[in-house]
Structure formats: structure tokens, C-alpha cells
*Asks:* 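Take this structure first; my questions come after.
Side chains included, hydrogens not; waters and symmetry mates left out as well; all remaining heavy atoms used. Every chain is numbered from 1 and lettered A, B, ... according to where its sequence line falls, protein lines coming before strand lines.
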Number of protein chains: 2
Amino acid sequence: MFELDIRSRQPIYEQLVEKMKELIIHEVWKPHEQLPSVRQLAKEVTINPNTIQKAYRELEHQGYIYSIPGKGSFVAPQSPSVSQEKATMIKQQTLKLLCEGLYLGIAKEELLSLVETAEQLVKGAKTND
Amino acid sequence: MFELDIRSRQPIYEQLVEKMKELIIHEVWKPHEQLPSVRQLAKEVTINPNTIQKAYRELEHQGYIYSIPGKGSFVAPQSPSVSQEKATMIKQQTLKLLCEGLYLGIAKEELLSLVETAEQLVKGAKTND
DNA sequence: CTAACTGTATTAGTAATTATAGTACACATC
DNA sequence: GATGTGTACTATAATTACTAATACAGTTAG
């Protein structure tokens with residue numbers, strides 16, 4: 001299910017967080033969909049359940065999933081309150097990257113078109129219901 | 001010259017890299033301008049010279065400065081060859097962030113305006129010659 | 001050449017992180 | 001009650017990251 005690089009300097013749990021976030025953002029995993037259990041996923045990728053749980057804990061902390069003891073972990077719907085904080089962070093980081101890109105000589109138009117691409121990627125997923 | 005947070009979980013050298021990159025990107029430091037020496041800067045911020053050098057090494061690796069043993073370290077001019085690789089990386093990262101932003105509910109128009117803001121920040125610096 | 005400055009390399013020690021293992025607890029479902 | 005779920009806790013080994021101290025080599029000015 002996931003391709004993990006054990007010998008990467010990037011921790012396994014971080015790789016998991018990134019890949020799962022993408023699946024959620026692009027709505028491959030829909031809101032309220034149940035994720036594999038920590039033990040089941042640990043078996044599949046043959047790593048320790050604690051590592052999975054660390055990834056889930058991080059995803060829950062970032063607001064991308066929610067967990068119910070005894071039941072399982074599920075994709076979180078978008079809650080505007082949490083999103084606003086994150087949105088501010090995202091905008092700050094994006095602005096920084098955009099400045100760097102412009103400095104490196106990327107055309108303004110190219111950066112504008114990135115927004116269009118992103119929109120299609122995200123919206124495209126949503127229309128595939 | 002720099003405000004560093006010693007007790008931050010973000011390493012000192014990373015803080016240095018970020019702040020210096022911003023100075024270069026916004027052209028507070030111009031191409032071929034000499035940077036403070038590792039020892040001099042180490043004295044100013046009262047940290048180990050090696051930490052400064054690690055930051056400089058990273059900046060050089062990223063193509064933002066160049067160093068000449070015995071002479072000093074200087075702001076690198078933009079070399080299209082190196083920039084192209086970095087541009088690709090920047091675009092990938094930006095696209096990722098944009099998708100995340102859209103998913104969180106940030107309006108497309110708001111993201112587009114970020115590009116304008118970035119342009120003014122970078123161009124604004126350049127016109128201040 | 002000497003002295004004082006530059007960047008650089010090596011080594012070492014400490015601290016932080018990471019992944020694993022084992023155990024235990026509480027809740028849900030059948 | 002048995003099983004599967006998330007969660008918590010401790011412990012430990014291994015690795016990595018970070019900083020520091022020292023030494024080396026090139027440049028420049030006197």
C-alpha cells in the first residue's frame with residue numbers, strides 16, 4: 001500500500017504522514033472513510049505498530065484524521081476553525097516559496113498557472129465521486 | 001545582526017540559513033557582496049564558528065553563496081544552470097502547498113494574489129538599487 | 001617572511017531523535 | 001468472553017544531529 005524507504009534519513013513515520021496527507025488532500029480517501037488499523041497496517045508494511053501510531057497521532061494533531069478508541073481511525077472532514085490557523089501557515093510558507101521562485105527566475109505567469117494546476121488536481125478529485 | 005533562538009528545536013544553523021536566504025532573495029545582500037567571516041559572525045552572535053560554517057556550507061550547496069578559501073564568502077549571482085534544478089524543486093513544493101491550501105478552503109483568488117505579493121516583495125527590492 | 005585574516009577538515013562528545021519491543025488498559029462489536 | 005480497535009507507558013538500542021575544539025591551508029598586507 002505504501003512504498004517506504006527504510007534507509008532514508010527521513011523517518012518512516014514522516015513518510016507515512018506525507019503520503020497519507022496526499023491521499024486525503026486529493027480525496028483518494030474521502031471524509032469519514034476508515035483507515036487501516038495500526039496493527040493491520042504495521043503487518044502490511046512490516047514495521048512496528050508504534051511507528052504507525054506515531055504517524056496517526058501526527059495526522060490527528062494536524063487535523064487530517066480523527067480516532068475513536070475501540071472503533072478505528074477515520075478521515076476528518078474540513079473544520080473551518082482548525083483550517084484557519086493552518087491556512088495562515090500555508091499562506092506564509094507559500095509566499096516564502098513564491099519569493100524564492102521569482103528570485104530564481106521563474107516567470108510570474110508560471111507560478112500563476114501552478115495555482116490552476118493545483119485547483120484541477122484538488123477539484124478533479126472531488127468531481128470523481 | 002541576527003536574532004537567534006538558542007532554545008528553539010530548530011537548529012541554529014538552519015535559522016541562519018533561512019534568514020540569510022531571505023536577505024539574499026530580497027537583495028538586501030547583492031551579488032558578489034562579501035558576507036561576514038565565519039569567525040567574525042560567530043563572535044557577534046556568540047556561537048561556535050563551526051555552526052556558522054555549517055550554515056555557509058549549506059548556503060553554498062544550495063547555490064546562494066560561494067566561498068573562496070583565504071578570501072571570504074560572497075553572495076552568488078544567479079546561474080541559470082543551477083537555478084533550473086532548483087526551480088523544478090520549488091515548483092513541486094509550491095504545488096504541494098497550493099493543493100493543501102485549496103483543500104483547507106483557501107480561495108483560489110487568495111492564492112493568486114499571493115503571487116502578486118511575492119512579486120512586489122522581490123521586485124521591490126530590486127528597484128531599490 | 002611574518003602576522004593576521006580567510007575558509008575548511010577532522011575529531012570528539014553530547015544531546016536529541018527514531019524505531020522497536022513489550023505490556024497494559026479501555027472501548028466496541030459480535 | 002473473544003477479538004479487534006485506539007491509546008499509554010516504559011525501556012532500550014541504534015542512529016543521527018548538533019555543537020565544540022583543534023588543526024590545517026590559502027590569501028593578503030606589512
Side-chain angles (χ1 to χ4, degrees), chain A residues 1-21 24 29 31-77, chain B residues 1-21 24 29 31-77:
Chain A
M1 189 166 214
F2 297 102
E3 298 171 7
L4 300 175
D5 184 2
I6 305 295
R7 67 194 55 204
S8 167
R9 21 252 153 250
Q10 187 183 30
I12 300 174
Y13 81 95
E14 269 190 23
Q15 297 179 44
L16 277 168
V17 168
E18 280 193 13
K19 306 217 171 192
M20 290 184 161
K21 249 169 86 169
I24 293 173
W29 287 350
H32 301 296
E33 185 172 336
Q34 183 162 11
L35 306 178
S37 78
V38 289
R39 292 175 180 81
Q40 174 188 339
L41 187 50
K43 243 185 227 167
E44 279 188 27
V45 296
T46 54
I47 60 176
N48 195 281
N50 285 332
T51 305
I52 307 287
Q53 204 229 333
K54 186 168 187 178
Y56 278 24
R57 194 190 312 151
E58 178 63 21
L59 283 169
E60 184 167 22
H61 180 254
Q62 289 188 28
Y64 286 94
I65 71 173
Y66 63 95
S67 298
I68 304 177
K71 299 197 72 172
S73 299
F74 308 86
V75 175
Chain B
M1 190 167 215
F2 297 102
E3 298 171 8
L4 300 175
D5 185 3
I6 305 296
R7 66 194 56 201
S8 168
R9 20 251 151 252
Q10 186 182 32
I12 300 175
Y13 82 94
E14 268 190 24
Q15 296 180 44
L16 278 168
V17 168
E18 281 192 12
K19 306 218 171 190
M20 290 184 161
K21 248 167 89 168
I24 294 173
W29 286 350
H32 301 296
E33 185 173 335
Q34 183 162 11
L35 307 178
S37 78
V38 288
R39 290 175 181 81
Q40 176 188 337
L41 187 51
K43 243 185 227 167
E44 279 187 28
V45 296
T46 53
I47 59 174
N48 194 281
N50 283 333
T51 306
I52 307 289
Q53 203 233 329
K54 186 165 188 180
Y56 278 23
R57 194 191 311 150
E58 177 63 21
L59 284 168
E60 183 167 21
H61 180 254
Q62 290 189 25
Y64 286 95
I65 71 174
Y66 63 95
S67 298
I68 305 176
K71 300 196 71 170
S73 298
F74 309 86
V75 176

*Asks:* More 5' along DNA chain C: A/Gly70 or A/Glu14, using each one's nearest nucleotide?
*Replies:*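 Nearest-nucleotide comparison on DNA chain C picks A/Glu14.
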*Asks:* To the nearest Å, give me how far apart OH (A/Tyr13) and P (C/dA16) are.
*Replies:*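 Roughly 15 Å, once rounded to whole Å.
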*Asks:* How many Å lie between CD on A/Gln40 and P on D/dT3, as a whole number?
*Replies:*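 Result: 17 Å.
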*Asks:* Looking at every heavy atom in both A/Gln15 and A/Ser8, which two are closest together, and how far apart are they?
*Replies:*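 That closest heavy-atom pairing would be NE2-CB, 3.7 Å.
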*Asks:* Could you state the CD1-P distance from A/Ile68 to D/dG4, rounded to the nearest angstrom?
*Replies:*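 Distance check: A/Ile68 CD1 to D/dG4 P gives 20 Å.
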*Asks:* Without placing hydrogens or testing angles, list every side-chain donor-acceptor pair under 3.5 Å for residues 42-59 of chain A, not counting sequence neighbours.
*Replies:*
{"from": "A/Asn48", "atom 1": "OD1", "to": "A/Asn50", "atom 2": "N", "distance (Å)": "2.8"}
{"from": "A/Asn48", "atom 1": "OD1", "to": "A/Asn50", "atom 2": "ND2", "distance (Å)": "3.4"}
{"from": "A/Tyr56", "atom 1": "OH", "to": "A/Pro36", "atom 2": "O", "distance (Å)": "2.6"}
{"from": "A/Glu58", "atom 1": "OE2", "to": "A/Gln62", "atom 2": "NE2", "distance (Å)": "2.6"}

*Asks:* Without decimals, in angstroms, what is the distance between A/Phe74 CZ and C/dA28 C1'?
*Replies:*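 Value for this atom pair: 11 Å.
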*Asks:* Rounded to whole angstrom units, what separation is found between the CG atom of A/Leu35 and the P atom of D/dG4?
*Replies:*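 My rounded result for the distance is 19 Å.
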*Asks:* For B/Pro36 and for A/Gln10, locate the closest nucleotide of DNA chain C by heavy-atom distance; then report the residue assigned to the nucleotide nearer the 5' terminus.
*Replies:*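 In this pair, the answer is B/Pro36.
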*Asks:* Which heavy-atom pair separates A/Phe74 from A/His32 by the least distance, and what is that distance?
*Replies:*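 Minimum heavy-atom separation between A/Phe74 and A/His32: CD2-O, 3.7 Å.
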*Asks:* Does D/dT5 have OP1 or OP2 under 4.0 Å away from a side-chain N or O of A/Ser37?
*Replies:*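 Answer yes for this pair, as a side-chain N or O of A/Ser37 is under 4.0 Å from OP1 or OP2.
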*Asks:* Starting the side chain at C-beta, find the nucleotide from D/dG6, C/dT8, C/dA19 nearest to A/Ser67.
*Replies:*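 When the side chain of A/Ser67 is considered, D/dG6 is the closest of D/dG6, C/dT8, C/dA19.
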*Asks:* According to a strict under-4.0 Å criterion, is B/Lys71 in side-chain N/O contact with OP1 or OP2 of C/dG7?
*Replies:*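 Result: no.
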*Asks:* Would you mind telling me which of C/dG7, C/dA28, D/dT19 lies closest to the side-chain atoms of B/Asn48?
*Replies:*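 In terms of side-chain proximity for B/Asn48, the closest of C/dG7, C/dA28, D/dT19 is D/dT19.
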*Asks:* Within the side chain of A/Gln34, is there an N or O that forms a donor-acceptor pair under 3.5 Å with the backbone of A/Lys71?
*Replies:*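 Here the side-chain-to-backbone pair exists.
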*Asks:* Would you say A/Gln10 has more than 12 foreign heavy atoms packed within less than 6.0 Å of its CD?
*Replies:*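 Counting other residues, nucleotides and ligands, CD of A/Gln10 exceeds 12 neighbours.
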*Asks:* Whole-Å distance between C/dA15 P and B/Ile6 CD1?
*Replies:*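 That distance rounds to 16 Å.
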*Asks:* Between atom CG in A/Leu4 and atom C1' in C/dT18, what is the gap in whole Å?
*Replies:*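 It works out to 15 Å between those atoms.
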*Asks:* Near DNA chain D, counting only heavy atoms under 4.0 Å, which residues of residues 50-61 of chain B show up?
*Replies:*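 Only B/Asn50, B/Thr51, B/Lys54 qualify.
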*Asks:* What pair of heavy atoms forms the shortest contact from B/Val75 to B/Tyr66, and how long is it?
*Replies:*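 What the structure gives for the nearest pair is O-CE2, 3.3 Å.
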*Asks:* Please evaluate the base of D/dG4 for a donor-acceptor partner in the side chain of A/Arg39 within a cut-off of under 3.5 Å?
*Replies:*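 Such a pair does not exist between side chain and base.
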*Asks:* Of all the heavy-atom pairs spanning B/Gly63 and B/Ala76, show the shortest one and how long it is.
*Replies:*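 Between these two residues, the closest heavy atoms are O-CB, 3.6 Å.
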*Asks:* Find the distance B/Tyr66:OH to C/dT6:C1' and express it as a whole number of Å.
*Replies:*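 The distance from OH of B/Tyr66 to C1' of C/dT6 comes to 14 Å, rounded to the nearest Å.
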